[in-house]
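Numbering of ligands and ligand atoms starts at 1, following listing order.
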Amino acid sequence: MPDKLWLGRFAAPTDKLVEDFTSSLDFDRRLYRQDIAGSQAHARMLAKQGILNPEEAAAIVQGLEEIRQEIEADEFIFDSSLEDIHMAIEARLIEKIGDTGRKLHTARSRNDQVALDVRLFLVAEVEGLIQDLTELRRAGARLARRHLNVIMPGYTHLQRAQPVLLAHHLLAYDEMWRRDQARLADSLPRLMVSPLGAAALAGTTFPIDPEFTAAQLGFPTVFRNSLDAVSDRDFILEFLAHAALIMVHLSRLSEELILWSTSEFAFVELPDAYATGSSIMPQKKNPDVPELIRGKCGRVTGHLMSLLMTVKGLPLAYNRDLQEDKEPLFDTVDTVRASVKLMAGLLGALTIRPARLTAAVHGGYLSATDMADYLVRKSVPFRTAHEQVGRTVRYAEFQGKELWELSLPEIQRFAPQAGPDLYDWLRPENVVARRTSPGGTAPTRVAEALRLVEQELILTEED
Ligand code: ARG
């Protein structure tokens with residue numbers, strides 16, 4: 001077992017319980033690639049600055065390359081007495097190349113090293129998540145395209161309100177996902193700031209070139225204040241906040257899919273591959289995937305809260321508390337990316353039941369607003385029209401009829417200005433078609449909106 005790398009000051013060994021309690025190796029081993037890339041960039045910078053000689057840097061870079069292969073081949077021994085991935089790799093490097101390996105950590109600290117590793121990790125995940133969201137948006141846009149003219153009830157307070165196009169409803173989610181993507185993209189320049197060179201907290205006495213290290217890693221900028229560089233976890237908090245919001249959006253859609261797949265709504269049928277059966281009730285097909293996405297929203301939101309609390313009250317600069325950033329981050333990345341992918345798959349295979357949607361539009365007086373608008377066009381003041389329609393609806397409800405099932409004389413008892421053209425006016429297709437105001441649900445507007453989204457996602461109508 002290799003020795004700990006900071007033994008010099010210590011006379012007694014670490015308590016085993018303490019070792020277990022403080023070790024992060026079980027989870028931060030996930031950062032091995034970033035750690036190695038960062039160390040290689042650091043070694044090259046040290047050589048360029050004449051702090052190491054070129055042979056030493058080459059040996060370090062090569063040794064680290066071999067360690068990467070060992071880890072990938074599952075040959076690397078992760079020894080938790082070595083605390084974390086940084087120590088584990090450095091100890092192995094020293095084991096492999098001897099004293100030259102002991103030079104790698106010149107002008108560096110684990111404090112700037114770990115901050116760099118997490119940033120490198122997160123950049124790749126954020127880029128991947130932006131792509132996942134593109135796939136999700138594509139699935140949503142395809143579904144909207146396939147059912148472009150299907151009308152469904154639009155709801156407020158979960159009460160049937162006015163008819164809308166299903167495509168319009170789906171495109172509302174596209175707006176959320178588009179903003180989610182924009183937020184993630186906006187965070188990238190703040191993520192791609194290299195903290196390497198801050199060392200433990202105060203900078204270093206060596207003539208380092210942080211810009212050179214950063215450039216090798218594809219980071220356009222470097223830190224401006226060494227204390228901030230090692231203690232800043234805003235970039236993780238920001239990501240967790242964006243992730244929580246993505247989960248909230250997915251959770252809202254999940255809730256709708258769960259409702260819509262009940263026999264009460266029966267607007268959609270979930271694909272078999274995305275549902276499960278009951279162990280006791282043979283008739284059941286449970287919406288487990290949307291339920292779990294909805295459920296996992298709580299978990300991701302919790303991770304955001306957990307790290308906010310961890311960072312709150314921390315004095316500058318690095319504190320070991322910050323090691324608690326990784327598990328919430330890793331779990332969030334895994335959860336949100338899986339949820340986005342699953343929702344994309346689910347939408348791709350979802351069966352819409354247009355007949356049920358149409359039937360729902362024909363019950364519940366969804367055209368009442370339009371009847372009032374109709375009367376206003378016949379010079380009835382809006383408040384009066386509202387009241388007249390209200391009375392008509394009450395009467396119709398009492399009769400167990402829809403508005404268009406009432407005879408004209410019946411209607412005229414409440415709304416004297418109503419004429420025979422009212423019946424056509426109240427048809428849901430016409431109700432929807434009239435909503436041509438910008439961003440409205442008229443088929444012309446929705447087709448326009450969908451085309452824009454498709455262009456953005458580089459989708460053709462056939463996709
Ligand atoms: N495992 C530590 C973390 O994740 C790495 C930095 C440790 N630095 C230190 N001075 N103990 O935060």
Enquirer: For atom 5 (C) of ligand 1, grab the closest protein heavy atom and report residue, atom and distance to one decimal in Å.
Expert: Asp84 OD2, 3.5 Å
Enquirer: Regarding Ser23 and Glu83, is there a side-chain donor-to-acceptor distance under 3.5 Å anywhere?
Expert: no
Enquirer: Considering only heavy atoms, which of Trp6, Tyr318, Phe27 lies nearest to atom 12 (O) of ligand 1?
Expert: Tyr318
Enquirer: Tell me yes or no: between the side chains of Ser80 and Glu19, is some donor less than 3.5 Å from an acceptor?
Expert: no
Enquirer: How close does the nearest protein non-hydrogen atom get to atom 11 (N) of ligand 1, and which residue and atom is it?
Expert: Arg110 NH2, 3.5 Å
Enquirer: Give the contacting part of Gln113 toward ligand 1: side chain, backbone, both or neither, where contact means a heavy-atom distance below 4.0 Å.
Expert: neither
Enquirer: Provide the number and element of each atom of ligand 1 under 4.0 Å from a heavy atom of Ser24.
Expert: 1 (N)
Enquirer: Could you label the plane-to-plane angle of the Phe265 and Tyr155 rings as parallel, tilted or perpendicular, counting under 30° as parallel and over 60° as perpendicular?
Expert: tilted
Enquirer: Quick one: do Glu255 and Arg252 make a salt bridge, cutoff under 4.0 Å?
Expert: no
Enquirer: Going by the order shown, which atoms of ligand 1 are within less than 4.0 Å of some heavy atom of Asn111?
Expert: 8 (N), 9 (C), 10 (N)
Enquirer: Please check if the distance between the ring centroids of Phe330 and Phe121 is under 6.0 Å.
Expert: yes
Enquirer: Kindly check if the number of other-residue, nucleotide or ligand heavy atoms within 6.0 Å of CZ (Phe21) is above 12?
Expert: no
Enquirer: Within a distance under 4.0 Å of any heavy atom of Lys326, pick out the atoms of ligand 1 and give their elements.
Expert: 3 (C), 4 (O), 12 (O)
Enquirer: Please confirm whether Gln323 comes within less than 3.5 Å of ligand 1 when only nitrogen or oxygen atoms on both sides are compared.
Expert: yes
